[in-house]
Amino acid sequence: MADSKQFVKEIADMKVDFPQWYTDVVMKTELADYGPVKGTMVIRPYGYEIWENIQHALDKRFKETGHKNAYFPLLIPYSYLLKEAEHVEGFAPEVALVTHVGDNELEEKLVVRPTSETIICEMYSRWIHSYRDLPLLINQWANVVRWEKTTRPFLRTSEFLWQEGHTLHITSEEAKEETLKMLEVYREFMQNVLAIEVIIGRKTESEKFAGAQETYAMEAMMLDGKSLQAGTSHFFGTNFSAAFDIKFSDRDGTLKNPYQTSWGVSTRLIGALIMAHGDQRGLKLPPRVAPVQCVIIPIAPHKEGVNEKAAEIAEILKKAGIRIEVDNRDQSPGWKFNEWEMKGAPIRLEIGPRDIENGQCVLARRDTNEKSIAPLENIENTINNLLNDIHDNMLAQSHEFVHSHIKVCANMDELTEAVNTQNFVKTMWCGSHECESAVKAATAASSRVMPFDQTPVGDKCVCCGKKADKVVYFAKAY
RNA sequence: CGGGGCGUAGCGCAGUUUGGUAGCGCGCAUGGUUCGGGACCAUGAGGCCGCGAGUUCGAAUCUCGCCGCUCCGACCA
């Protein structure tokens with residue numbers, strides 16, 4: 001069991017810095033543990049349930065937009081990776097290679113997939129013959145391996161779980177539409193499921209995905225003002241379909257390469273919700289993915305009827321589809337309160353002898369710390385409404401936090417000041433790679449996205465001072 | 001791969017300066033009293049002091065080498 005008392009005390013006094021706080025929360029709330037191989041992570045049941053709930057919510061949205069799931073191999077011939085020049089350049093440094101089987105060296109090296117574009121394209125080239133085969137809308141839930149130099153649980157691990165959608169389309173327009181549609185699916189999911197306000201837009205040339213023509217992303221603001229790229233959606237044009245010789249006969253009888261997209265989110269989302277919602281007491285889980293939405297804590301359970309009443313309430317809530325847990329462990333109530341607050345359960349329901357007498361229970365919400373008394377009658381509706389309230393409140397808080405930490409800046413002094421005081425910077429940029437990397441070199445803040453709303457906030461580049469027409473966000477990033 | 005910090009019980013640490021029986025708090029186990037915001041009493045289990053060499057009558061402590069973790073940079077979902 002996590003030593004929560006010590007933990008809460010530490011961070012209450014603390015000047016423990018944010019990364020350390022983050023790691024402590026992950027470990028002590030039993031979301032994950034380090035694996036024996038450096039940079040790998042074991043996702044523990046409590047953390048995995050969050051992932052399952054994320055999967056479920058996303059999968060539903062993918063299906064609704066016409067996508068089907070499939071699975072492709074973990075091992076990819078190295079030669080596939082070489083077919084798209086930018087792609088191999090981007091990924092080669094961090095791919096794990098399989099070179100031997102037993103003592104025998106393989107004739108062709110294999111990579112453990114860092115992403116599946118290449119193998120999926122290889123298969124697509126065999127499947128696609130006619131415009132009648134298009135569009136092809138497929139998603140894969142899988143693990144991938146990228147050998148990163150430094151790692152942090154959920155945010156960057158050598159192996160991680162994700163989904164990657166890979167679609168083919170007849171026209172460029174349709175593919176671009178798909179790219180933006182899936183970005184919108186992600187944005188809606190972030191707000192309505194994870195209760196996280198995100199900033200969406202297009203990546204600059206230097207920040208885009210290796211091999212993409214256009215990359216769009218959603219950036220989430222963490223509590224320390226740093227940005228986390230929470231999901232991406234790419235338009236590939238025909239870069240890959242040409243490289244992998246995917247061709248179809250169009251209506252006019254000519255052979256064409258289809259236009260392609262890919263889009264993905266990963267277990268990093270769990271890191272995002274920890275760092276976007278947490279507080280000094282620990283996790284604050286958004287109700288729609290929380291493994292335990294309502295924890296039931298019997299008070300004085302040795303007294304007559306308490307355990308029975310707790311079980312009875314549990315049954316009612318379960319039937320109403322609420323994820324509950326009755327905490328029957330032999331610990332003092334205060335101990336359990338604190339532990340479940342650390343583990344982020346949105347609602348705590350206390351039921352004791354006094355309540356039973358009065359036909360009521362005590363409800364405590366994690367987001368505001370408020371306690372209230374509720375009648376046991378119709379308790380399932382009360383809880384459901386409260387869960388929705390909590391969600392709405394968390395989203396409103398996230399919205400408020402993000403928008404109060406965006407500073408419009410006109411020059412480098414302002415930008416540096418804003419970035420160093422934990423803000424996102426919204427500013428004008430001339431579009432040159434030189435200015436972008438100059439900002440990064442001077443402040444450690446990188447360009448995040450160019451928002452869709454390009455209403456100018458000035459007319460001069462924040463860096464070089466020349467005429468500028470691009471609105472862009474800069475921020476330090478994870 | 002560079003720069004800092006740290007490796008002693010499951011967790012958090014003291015002990016290292018000045019070598020001399022392995023310690024503390026929490027957790028864990030057993031029994032009892034408790035239970036509405038981190039309860040209490042009693043008893044108990046638990047250690048290759050990161051690894052390997054060396055110095056010494058004697059090493060957690062001194063010397064040399066190695067390994068691991070972690071934070072900060074460069075690289076990245």
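Letters A, B, ... are given to chains in the order of the sequence lines, protein chains preceding strands, and every chain is numbered from 1.
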- [ ] Give one of base, sugar-phosphate or nothing for A:R152, where a contact means two heavy atoms less than 4.0 Å apart.
- [x] sugar-phosphate

Open item on the list: Return the pairing partner of B:C66 with a 3.5 Å limit on both distances, Watson-Crick or G-U wobble; otherwise return none.
Closed with: B:G50

Task: Contact list for RNA chain B against residues 210-227 of chain A - heavy-atom distance below 4.0 Å - done: none

Open item on the list: With a 4.0 Å cut-off on N to O distance, would you call A:E214 and A:K203 a salt bridge?
Closed with: no

Open item on the list: Regarding A:V144, tell me which of base, sugar-phosphate or nothing describes its non-hydrogen contacts under 4.0 Å with the strands shown.
Closed with: nothing

Task: A:E341 and A:R348 ion-paired at < 4.0 Å - done: yes

Open item on the list: What contact category does A:F154 fall into here, base, sugar-phosphate, or nothing, at under 4.0 angstrom with non-hydrogen atoms?
Closed with: base

Task: Whole angstrom value for the distance that separates C1' of B:G37 from CH2 of A:W335 - done: 14 Å

Open item on the list: For a quick check of understanding: with a heavy-atom distance under 4.0 Å over all strands, which category does A:L155 fall into, base, sugar-phosphate or nothing?
Closed with: base

Open item on the list: Measuring only the C1' atom in each nucleotide, how far is B:C13 from B:A53? A whole number of Å is fine.
Closed with: 29 Å

- [ ] Using a 4.0 Å heavy-atom cut-off across all strands, classify A:T157 as base, sugar-phosphate, or nothing.
- [x] base

Open item on the list: Base, sugar-phosphate or nothing for A:Q163? Non-hydrogen atoms, less than 4.0 Å.
Closed with: nothing

Open item on the list: Using a 4.0 Å heavy-atom cut-off, does A:K38 contact any base of the nucleic acid, only the sugar-phosphate backbone, or nothing at all?
Closed with: sugar-phosphate

- [ ] Would you indicate what A:P353 reaches in the nucleic acid, counting non-hydrogen atoms under 4.0 angstrom: base, sugar-phosphate, or nothing?
- [x] base

Task: C1' gap between B:G50 and B:U70, integer Å - done: 15 Å

Open item on the list: With a 4.0 Å limit, can you tell me whether A:S266 has a side-chain N or O closer than that to the phosphate oxygens OP1/OP2 of B:A77?
Closed with: no

Task: OP1 or OP2 of B:C71 under 4.0 Å from side-chain N/O of A:T23 - done: yes

- [ ] Indicate, with a heavy-atom threshold strictly under 4.0 Å, whether A:Q229 touches base, sugar-phosphate, or nothing.
- [x] sugar-phosphate

Task: Integer angstrom distance from the P of B:C48 to that of B:A22 - done: 14 Å

Open item on the list: Output the rounded distance in Å from NZ (A:K476) to P (B:G73).
Closed with: 8 Å

- [ ] Drop me the distance from A:M221's CE to A:H399's NE2, to the nearest 0.5 angstrom.
- [x] 11.5 Å

Open item on the list: Between P on B:A39 and CD on A:E339, what's the gap in Å once rounded to a whole number?
Closed with: 13 Å

